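For reference, the structure discussed in these notes is given below.
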Amino acid sequence: MSTRSSSTGCDESSTASQKQTSRDQVLTPTPAPPEWKILKTQVGGHKFAHEENEQHQKLGMVDFGNGMVLKSLQNPPRGIRELSFYQRAFDPDCDDADILELRPFLPPFYGTEEKGSAKFLKLANLTSGFKQPCVIDLKMGKVTYDQEATPEKIEHEVSKYPPLKDLGFQITGMMIYNPDTQSAEHYGRSYCRNLAAENIVSEGLGLFFRLNSKHSRRDAIPPLISQLKKLEHWFLKQKKLSFIASSLLIVYEGSASAEKEAGAMEDAELLQRNDKKNVALCDKSTNNLLNVDSPANTKSTTADTLDCNSDSGHIQKRSSNKPLSFTDETVKKIKLNETGTKSSDLTQHEISTAEQYADKITNSTPMTDIEVHLIDFAHVFPANDIDHNFLFGLQKLISCLQTLLK
Ligand SMILES: Nc1ncnc2c1ncn2[C@@H]1O[C@H](COP(=O)(O)OP(=O)(O)OP(=O)(O)O)[C@@H](O)[C@H]1O
Ligand SMILES: O=P(O)(O)O[C@@H]1[C@H](O)[C@H](O)[C@@H](OP(=O)(O)O)[C@H](OP(=O)(O)O)[C@H]1O
């Protein structure tokens, strides 16, 4: 495909197509300000660019280091809507069962960061901890405009990708590590938009899992389906929120050596994680998860959300956003009481295994071969019904993945 680019970070294909936006601004890719690192694993969304003749800087995703990224707050009302969603989702006092159940599917939120006039969301980097992350962004829903959209916005969104009305999801970008060339191949907006509905399985999802190569990761599909079914279960019952134009960000390890290392660490009980309930364990004794020093010239707000939540039983180790998963039986036993001490019905073996497991994760080898998170909440609205729009796309996606396994 002509729009593919192979590189170690720069997405030439999407950059080219990005030049023309919906509002006919001419955008020229620009480097990030020197003090910021561009997030090399960004596959979709807004990127660093400026409007021609205006020098107005558009901000892309920033690699903030220490396992975190910055996402600039979009213009109102989008940015503030997204911020409000994260604040609600990670409110330490949150006792909303639906939200607590959704949390493991969200990138942990660490407050905001200001730089000059720009404000950013500080989020866990969902690709850190992977040696060679393979990343795909799937924008969900057959309708991608919200109730406040202007006729022009509706027209733009509807015309963008006609197969969407039947498919219910679209690939907005992906990067796939090629072990033969030892480089990441980037598939940008124009490649993805040109994928016909009948090719989305073979040339989109199939390609992402390298199905027709000797490095096929077909094995990652069943655990992905299993995680997506958990999300489906959530969407089948929750009636509080509708997620317009949110994405699923799926990441798996593309490096064969990392796969092997992860395999060698197999622990019979713990490594059933993809089929078992995911539980993020929080060691309250360590309290702050990420005591990251803010750069001197930036202003940081709220670190409270770094703390753990006893309801969902979070243990996170420094620099890791990976949830630890255990068998249901172990999960039942691993409870934290108010003071953060571990409950006495947990055996010493389970405690030490959990700690070793957390250490392994902290040591940056991805323990979960494939991870799925929900991102982009600029169009999340209160609802009083099931989110049929998102659910339709999610169920279609699951069925496309099942087709790949046949
Ligand atoms: N927490 C994260 N960790 C790692 N990568 C991320 C994270 N959040 C976003 N990204 C990367 O940045 C891209 C854009 O993210 P997002 O969809 O939130 O931005 P956006 O600019 O609002 O997108 P859009 O233009 O579709 O509205 C994603 O495709 C993904 O590659
Ligand atoms: O890929 P393209 O063609 O650049 O399309 C953009 C993309 O769909 C963004 O998700 C959308 O932002 P929202 O999801 O926040 O609506 C943006 O809307 P905008 O043009 O209204 O900013 C679109 O332009």
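In listed order, ligands and their atoms are each counted from 1. On a predicted model such as this, the values are computed, not experimentally measured, just so you know.
Of the possible donor and acceptor atoms, one in the side chain of Asn389 sits under 3.5 Å from a partner among the backbone N and O of Val143. Looking only at distances, no side-chain donor or acceptor of Trp36 sits under 3.5 Å from a matching main-chain atom of Phe64. When atom types are taken as modelled, the side chain of Glu253 and the backbone of Gln132 share a donor-acceptor pair closer than 3.5 angstrom. Judged purely by atom type and a 3.5 angstrom limit, Glu82 has no side-chain atom pairing as donor or acceptor with the backbone of Ser84. In this structure, the side chain of Arg210 does not engage the main chain of Asn178 through any donor-acceptor pair within 3.5 Å.
At under 3.5 Å, not a single nitrogen or oxygen of His46, backbone or side chain, sits near a nitrogen or oxygen of ligand 2. At least one N or O atom of Asp137 sits closer than 3.5 Å to an N or O atom of ligand 1. For Ser247, no nitrogen or oxygen atom sits less than 3.5 Å from a nitrogen or oxygen atom of ligand 1, counting backbone and side chain alike. Of the N or O atoms in Ile375, none lie within a sub-3.5 Å distance of an N or O in ligand 1.
The residues Glu157 and Lys153 are annotated as salt-bridged, a charged nitrogen and a carboxylate oxygen being separated by less than 4.0 angstrom. With salt bridges taken as basic N to acidic carboxylate O contacts below 4.0 Å, none links Lys139 and Asp376.
Less than 4.0 angstrom separates some heavy atom of Asn125 from each of these atoms of ligand 1: 3 (N), 4 (C). Using a 4.0 Å cut-off to heavy atoms of Leu39, the atoms of ligand 1 that qualify are 5 (N). Heavy-atom contacts of Gln74 reach the following atoms of ligand 2: 15 (O) (cutoff under 4.0 Å). Per-residue contacts place Pro107 under 4.0 angstrom from the following atoms of ligand 1 (heavy atoms of the residue considered): 1 (N). Those atoms of ligand 1 that come under 4.0 Å of a heavy atom in Lys139, given as number and element, are 26 (O). Interface atoms of ligand 1 facing Thr41, defined by a heavy-atom separation under 4.0 Å, are 31 (O). Under a 4.0 Å criterion applied to the non-hydrogen atoms of Arg193, ligand 2 contributes the atoms 1 (O), 2 (P), 3 (O). In summary, the atoms of ligand 2 found under 4.0 Å from a heavy atom of Lys139, numbered by their order in the structure, are 7 (C), 8 (O), 9 (C), 10 (O), 14 (O).
For atom 18 (O) of ligand 1, the choice among Lys71, Met175, Lys40 with the nearest heavy atom turns out to be Lys71. Summarising the contacts of atom 25 (O) of ligand 1 with Arg78, His46, Gln42, the nearest heavy atom is found in His46. The heavy atom nearest to atom 1 (N) of ligand 1, considering only Ala124, Gly44, Gly79, is found in Ala124.
Residue Gln74 places a heavy atom under 4.0 Å from ligand 1. Judged by the shortest distance from any of its heavy atoms, Val135 lies outside the 4.0 Å radius around the atoms of ligand 1.
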One pair to check against side chain to side chain contact (heavy atoms under 4.5 Å, CB included): Phe130 and Thr41. What are the steps and the verdict? CA-CA 11 Å; Phe130 287 86; Thr41 55; over 6 Å; no

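The aromatic rings of Phe90 and Phe109 are tilted relative to each other, their planes meeting at an angle between 30° and 60°. Ring geometry for Phe208 versus Tyr252: interplanar angle over 60°, hence perpendicular rather than tilted (30 to 60°).
Aromatic pair Phe243/Phe235: ring centres closer than 6.0 Å.
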